[in-house]
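Quick caveat: nothing in here was measured; it's all calculated off a predicted structure. Residue numbers start at 1 and run along the sequence shown.
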Amino acid sequence: MEQKDPRKETIGGLQAQIGLGQCDITPTLGIYSRNWGAATFDQAVGVHQPLLMHCLYMAPVDSPPAIILTADLGWWKNAEDERALRFALLDHFNLTASQLVFTLSHTHAGPAICSTDIHQPGGELIPPYLEFLKTQAISCVQQAKDGLFEGSLHWSYGVCDLACNRDLELNGEYLIGFNPLKEADHTLLLGRVYDNTEKLQAVICNYACHPTSFAHENELLSPDFVGEMRYTVEAVLKVPCLFLQGASGDLAPKRQYVKDPALVEANGRQLGYAVLSTLVQEDHIGQRWVFDKALISGAPLACWNFQKQVLSTEFKQLVHTVNVPYKNLPSLEAIFEEYESCTERVMKDRLWRKYNTRKTIGDQREATIPVWLWKMGDAILVAQANEAYSCYQSIIRAEFPNHTIVFINIANGYVGYLAPAELYDKDIYAVWQSPYERGSLEILIEQTKLGIQTLLTDETRLD
C-alpha cells in the first residue's frame, strides 16, 4: 500500500489535446423498453428527458489517443451486440482495444438494446436502433476529434449522500432497497476540463449510484437522475457535464422505485448541487493545496497554502486480464426449456435474462474479466464491465491514496454482479443473479492492485 503524503492533496492534472462530443440517442417511441420484471407494460409511451451520448477524446503528446464514450443506456444482455458496436468504433477510428472505454449510465428507464428481444412487443425496432447507436457513436467521437483543443484535465473529490446501501434484510429475507442501518460510499469525484486560457470547457461526474429512481410503474424513457443532474450543473456552468457510473453494485437512492418524475428530478438535483458545491473550492487552476509550515500560536498550527502545479503529459494505457471462476450453471438448453414452459410474466422475464447471460458465457468454466487501466497524469482510471460492489472502489482508493482514481462500472460489456464473498451464504439478488463464483470480487480487487502497480512502473506497455 502507498503511504499517504499528508502534506499535499491528491490531485491528478493532465495536459493534452482534448475534444468533446455530444449527441441525442433517444429512440423512437414504441421500441421494447421493459426493464423491470414487475412492469405490466412493454413499451414506453413518452419521453421524460432525452437520452444522450457524450465523448471525451484525449490526445496526449507522446501517447495514442484515449476515448471515453458515455451513453444513457441500461446494460447489455447480449455480448455480441456490445462487441459489434465497440468493434465498429475500433475499426472506424483505427484504435486498439486499450484506447476506448464505452460505458453506460445504467438507467433502468431506457430502451432494450438486446437484439434477441426482437420477438418482444416493439422488438422489431431494436436492430435499427442498434445501428442508429453505432452511427451516433461514430459521429460523437468524430465531433470530439474534430474539435480538439490544447487543454488540461483536473480531478477533485467531494461527497454526496444520494447513494444509500440497498441490501436490506427484513425478517430473514433479503430485499433490494434502502437500508438505513448500513453505511454507503458517498465519494464524489469530479473532473474539470479547461482550455489553455483556463476557461472551463466541461465537467465530469464520477459517482456510484444505481439510476433506479424510476421503476416498474414508469412508462417514460429517461436517463433517470443523471438527466436532471446534468441540467442542474449545465444551467449554472454553461458547459457539458459527463456522467461516469462508479462501482455501485450495492448503492441506490433512498427514494426510488417511483413513478413521479418530480422525485426522480429531486434525486438528480441533489447530485447536481453536490457537484456545484464541490466546484466552489476548485477555481485555483494549476495550483494545489500543500503543507506550507508549522506555526507556533496558542496551539501548534499546520499552515497550508497554494503551490503551482506542474501538469503532466504522461498517459499510459493497459488492459489487465483477470481470471475468476464461474458457478456450476445449468445448460443453455435447460434454461430455455424452463423459459418456454413458464407462463408467469415476472418469472419468464427473469429466465430470459438468465438465458442471455448463460448464452454470453457459453461453455467456459472460468471468466476472463478485462480491466481497462489508464494513467492520466497523477490520476488512474479503472473500468470494467460488471456491477462491482462499492468496496471495490473504496479498497483500491485506500491502497493508492496519492492517486485520484476514477472507477467505472458497465464499461465495454456486461455480465453480472460482483458481490463480496460473505454474501454468498445469503439468498440475495446480487448473488443468485450473478454467474460468478464466491471470491470473484476479491480476486478482481487483488488483481486490480497488481495491474495498477504495473501501470505505475516505467516498463508499462500499450496492449
Side-chain angles (χ1 to χ4, degrees), residues 9-24 52-70 93 95 99-101 103 137-158 188-207 229-244 272 274-289 306-317 374-381 403-404 406 408:
E9 290 184 303
T10 302
I11 301 177
L14 172 73
Q15 184 176 10
Q17 284 192 310
I18 299 174
L20 301 162
Q22 177 180 310
C23 64
D24 193 316
L52 300 181
M53 180 180 285
H54 288 91
C55 178
L56 175 69
Y57 192 110
M58 293 172 283
V61 175
D62 298 316
S63 303
I67 299 166
I68 298 175
L69 197 65
T70 76
F93 291 100
L95 305 170
Q99 292 176 260
L100 174 66
V101 170
T103 177
I138 290 173
S139 175
C140 195
V141 174
Q142 191 64 53
Q143 179 189 147
K145 185 178 180 181
D146 290 343
L148 286 172
F149 56 88
E150 295 293 336
S152 58
L153 174 60
H154 307 256
W155 298 94
S156 51
Y157 283 115
L188 170 64
L189 178 59
L190 297 182
R192 291 164 289 128
V193 177
Y194 296 95
D195 63 20
N196 60 1
T197 68
E198 299 189 347
K199 182 179 179 182
L200 185 67
Q201 296 295 320
V203 172
I204 305 166
C205 173
N206 179 208
Y207 188 67
M229 181 278 293
R230 283 195 300 249
Y231 284 131
T232 302
V233 173
E234 292 174 357
V236 174
L237 300 179
K238 312 301 182 187
V239 297
C241 179
L242 290 68
F243 178 77
L244 303 177
V275 170
L276 293 172
S277 66
T278 302
L279 292 174
V280 167
Q281 294 283 0
E282 302 302 331
D283 58 352
H284 296 82
I285 307 164
Q287 299 185 73
R288 64 196 314 168
W289 191 241
F306 287 106
Q307 182 184 83
K308 183 175 177 59
Q309 179 188 15
V310 179
L311 296 177
S312 173
T313 59
E314 183 183 35
F315 202 112
K316 295 181 180 180
Q317 303 165 353
W374 293 351
K375 186 175 187 295
M376 310 175 291
D378 290 335
I380 295 168
L381 177 143
H403 296 272
T404 303
V406 182
I408 308 178

Going from [atom1] on [X] to [atom2] on [Y], what distance comes out if it is rounded to the nearest 0.5 angstrom?
X: Leu100; Y: Phe93; atom1: CG; atom2: CZ; result: 9.5 Å
X: Thr103; Y: Phe243; atom1: OG1; atom2: CZ; result: 8.5 Å
X: Leu242; Y: Ile68; atom1: CG; atom2: CD1; result: 8.0 Å
X: Lys145; Y: Tyr57; atom1: NZ; atom2: OH; result: 4.5 Å

Any side-chain heavy-atom pair of [X] and [Y] under 4.5 Å:
X: Gln201; Y: Ile18; value: no
X: Val101; Y: Trp374; value: yes
X: Asp62; Y: Glu314; value: no
X: Met58; Y: Leu14; value: yes
X: Val406; Y: Ile204; value: no
X: Cys55; Y: Ile67; value: yes
X: Gln309; Y: Arg288; value: yes
X: Glu234; Y: Val239; value: no

Member of Asn206, Leu189, Leu190 meeting the side chain to side chain contact (heavy atoms under 4.5 Å, CB included) criterion with Tyr157: Leu189
Val193/Leu200 under side chain to side chain contact (heavy atoms under 4.5 Å, CB included): CA gap, chis, key distance, verdict: CA-CA 6 Å; Val193 177; Leu200 185 67; 5.8 Å; no
When you measure from the side chain of [X] to the backbone N and O of [Y], does any donor-acceptor pair fall under 3.5 Å?
X: His54; Y: Thr70; answer: no
X: Gln15; Y: Gly151; answer: no
X: Lys375; Y: Gly377; answer: yes
X: Ser277; Y: Ala274; answer: yes
X: Gln99; Y: Pro65; answer: yes

Non-hydrogen atoms of Gln317 and Ala66 that approach each other most closely: NE2-CB, 3.4 Å
Closest contact, heavy atoms only, Leu188 versus Val275: CD2-N, 3.9 Å
By side chain to side chain donor-acceptor pair (under 3.5 Å) - contacts of Ser152 (at least two apart): His154
Any residue meeting side-chain contact (heavy atoms from CB on, under 4.5 Å) with Gln307, in chain and number order, not counting sequence neighbours: Val290
Any residue meeting side-chain contact (heavy atoms from CB on, under 4.5 Å) with Ala137, in chain and number order, not counting sequence neighbours: Met53, Leu69, Leu85, Leu89
